[in-house]
Chemist: 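Dropping a structure here in structure tokens format, bear with me for questions.
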Number of protein chains: 2
Amino acid sequence: MAYRRTDQVSARLAQTRRQILNSAREIISELGFSGAQMSDVAQRSGVATGTLYRYFANKEELCRQVFREVSTREMNMLATIASSDAPPEERLAKVLRTFAGRAIQGRRLAYALLAEPVDVGLAEERSRFRRTHAEIFAGILEEGVASGAFRLCDVRLSAACMAGAIPTVLIGSLAPDAEALETDAERIVDEIVAFCFSGVSHPDTRTFQTREERAAS
Amino acid sequence: MAYRRTDQVSARLAQTRRQILNSAREIISELGFSGAQMSDVAQRSGVATGTLYRYFANKEELCRQVFREVSTREMNMLATIASSDAPPEERLAKVLRTFAGRAIQGRRLAYALLAEPVDVGLAEERSRFRRTHAEIFAGILEEGVASGAFRLCDVRLSAACMAGAIPTVLIGSLAPDAEALETDAERIVDEIVAFCFSGVSHPDTRTFQTREERAAS
DNA sequence: CATAGATATGAATTGCCATTCATATTGATG
DNA sequence: CATCAATATGAATGGCAATTCATATCTATG
């Protein structure tokens, strides 16, 4: 018997793995998944390119792992809020606010997670991520509809609307420019939340009422 | 003088060009932009691969051209509705309905236009496309806000919410499965329109409170 | 300290498609 | 029909970054 892995070695291996994940996360936060080249990740981690492949089967696996770590944190944050015992309206507002706020804060990373072109493997992770969002929203909506706090609506569909609206407003070509997002962040978040909120609130005016009808009433 | 392009030749060239664009559009509608390989486009067009490059500088140019043709048709459709002289509520409803309806109908193509991972050149076209959508929505909202038909809101932001919500609900991981989209299309469109609509309608019950209000109470 | 297995290295290889280009074909003109 | 220019061809080329692998360096153990 000539060799057996020591605790010390295991620890070093674990540390290297962590280091690689951290470097990858950093680079991905700056350049996105496609901009993160294996050789760069290796360099920043202080290891050789080949070494990466001793820790992760391939780039996709590494990226998936990073995606999971980052997205899990976000989802937990929302899930925690969602499971509090505040009334549904409050929880919904807070969840939406948090989602939007964090997207503004960590815009580049949010872009990578939500909008950057990625290929199948990562797209799968992204789907999971987005579905979880929608489910969190939907859960609150469901309770709210049951309790009468929200109007009767297709909760999954409404949740998807919210999950679609928020990133679109904050990330990509329809987003305000970076400066506005900084200075105006609060107002923007308020508006988004208001928009989403009214989508599930009890209506008073019928949807297709004309001006005259409204004037007459 | 030994050669000069004849009308007949020009016509044939134009026809080949058209044929290439059509084949490309077909393949893109089935497999998306990334799935459309130049050699396949050539084959379906009945020309050699190299011939494509006599008509388009490169794949990106070809794809852009296809994108423009397809998206222009869609945008014109919406623009026409938007510029009718019906009241803003009616125009908004019709525009949203058309957008959603066509996305359901031509799902694969809609995916390519709105959601498929693409690289910079096409992303530019997509941005133009999405911005135009949002502008069409915003234009109607602006009038509606001015006339009092809609509540006071950030029209660009509300427009972005709509432009984000609709594709998310209908395309990708948060969309209902294909069968539901077929059988339930009308109800789904109705729900989406209702959601978007209430985002800009006058509220009666204010389930949502702004920060200031919350602070004040 | 000799040995063997584990781990790390990074230059070379690979795979994938878009793109090119030497060659062939087609069309116009005198 | 001879000539030249335009047009078409498709096998070969090229570029790029992920991945591999022969080699070197470590680490534990008797």
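Note on naming: letters A, B, ... go to the chains in the order of the sequence lines (proteins, then strands), and numbering restarts at 1 for each one.
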Chemist: Can you list everything that forms a side chain to side chain donor-acceptor pair (under 3.5 Å) with A/R25? Sequence neighbours excluded, please.
Modeler: A/N22
Chemist: Sequence neighbours excluded, which residues qualify as salt bridge (charged side-chain N to carboxylate O under 4.0 Å, His left out) partners of A/E116?
Modeler: none
Chemist: Mind calculating the distance between CD (B/Q37) and C1' (C/dA18) to the nearest angstrom?
Modeler: 10 Å
Chemist: According to the side chain to side chain donor-acceptor pair (under 3.5 Å) rule, which pairs have a member within residues 137-146 of chain A, sequence neighbours left out?
Modeler: A/R91-A/E143
Chemist: By side chain to side chain donor-acceptor pair (under 3.5 Å), which residues pair with A/E69, not counting sequence neighbours?
Modeler: A/R18
Chemist: With sequence neighbours excluded, what pairs up with A/D184 under the salt bridge (charged side-chain N to carboxylate O under 4.0 Å, His left out) test?
Modeler: A/R187
Chemist: Show me the donor-acceptor pairs, under 3.5 Å and distance only, between side chains in residues 39-47 of chain B and residues at least two apart or in other chains.
Modeler:
from	atom 1	to	atom 2	distance (Å)
B/R44	NH1	B/E26	OE1	2.7
B/R44	NH2	B/E30	OE1	3.4
B/S45	OG	B/S23	OG	3.1
B/S45	OG	B/V41	O	2.7

Chemist: Which pairs with one or both residues in residues 126-136 of chain B pass side chain to side chain donor-acceptor pair (under 3.5 Å), sequence neighbours excluded?
Modeler: B/E125-B/R128
Chemist: Between A/Y53 and A/A57, which heavy-atom pair has the shortest distance, and what is it?
Modeler: CD2-O, 3.5 Å
Chemist: Which of residues 8-31 of chain A have a heavy atom under 4.0 Å from DNA chain C?
Modeler: A/R12, A/L13
Chemist: Hey, can you pull the residues of residues 52-70 of chain B with a non-hydrogen atom under 4.0 angstrom from DNA chain C?
Modeler: B/Y53, B/N58, B/K59
Chemist: Both B/T6 and B/S34 contact DNA chain C. Taking the nearest nucleotide for each, which residue is further toward the 5' end?
Modeler: B/S34
Chemist: Residues two or more places apart in sequence or in another chain: which of them pass salt bridge (charged side-chain N to carboxylate O under 4.0 Å, His left out) with A/E182?
Modeler: A/R107
Chemist: Output the rounded distance in Å from CG (A/D7) to P (D/dT29).
Modeler: 11 Å
Chemist: Quick one: which protein N/O atoms are closer than 3.5 Å to N/O atoms of nucleotides 10-12 of chain C? Pair and distance per line, please.
Modeler:
from	atom 1	to	atom 2	distance (Å)
C/dG10	N7	A/G50	N	3.1

Chemist: Only pairs under 3.5 Å count here: list side-chain donor-acceptor contacts from residues 74-84 of chain A, not counting sequence neighbours, and write none if there are none.
Modeler:
from	atom 1	to	atom 2	distance (Å)
A/E74	OE1	A/R102	NE	2.7
A/E74	OE2	A/R102	NE	3.1
A/E74	OE2	A/R102	NH2	2.8
A/N76	ND2	A/T72	O	3.4
A/T80	OG1	A/N76	O	2.8
A/S83	OG	A/A79	O	3.2
A/S83	OG	A/T80	O	3.2
A/S84	OG	A/I81	O	3.3
A/S84	OG	A/A86	N	3.3

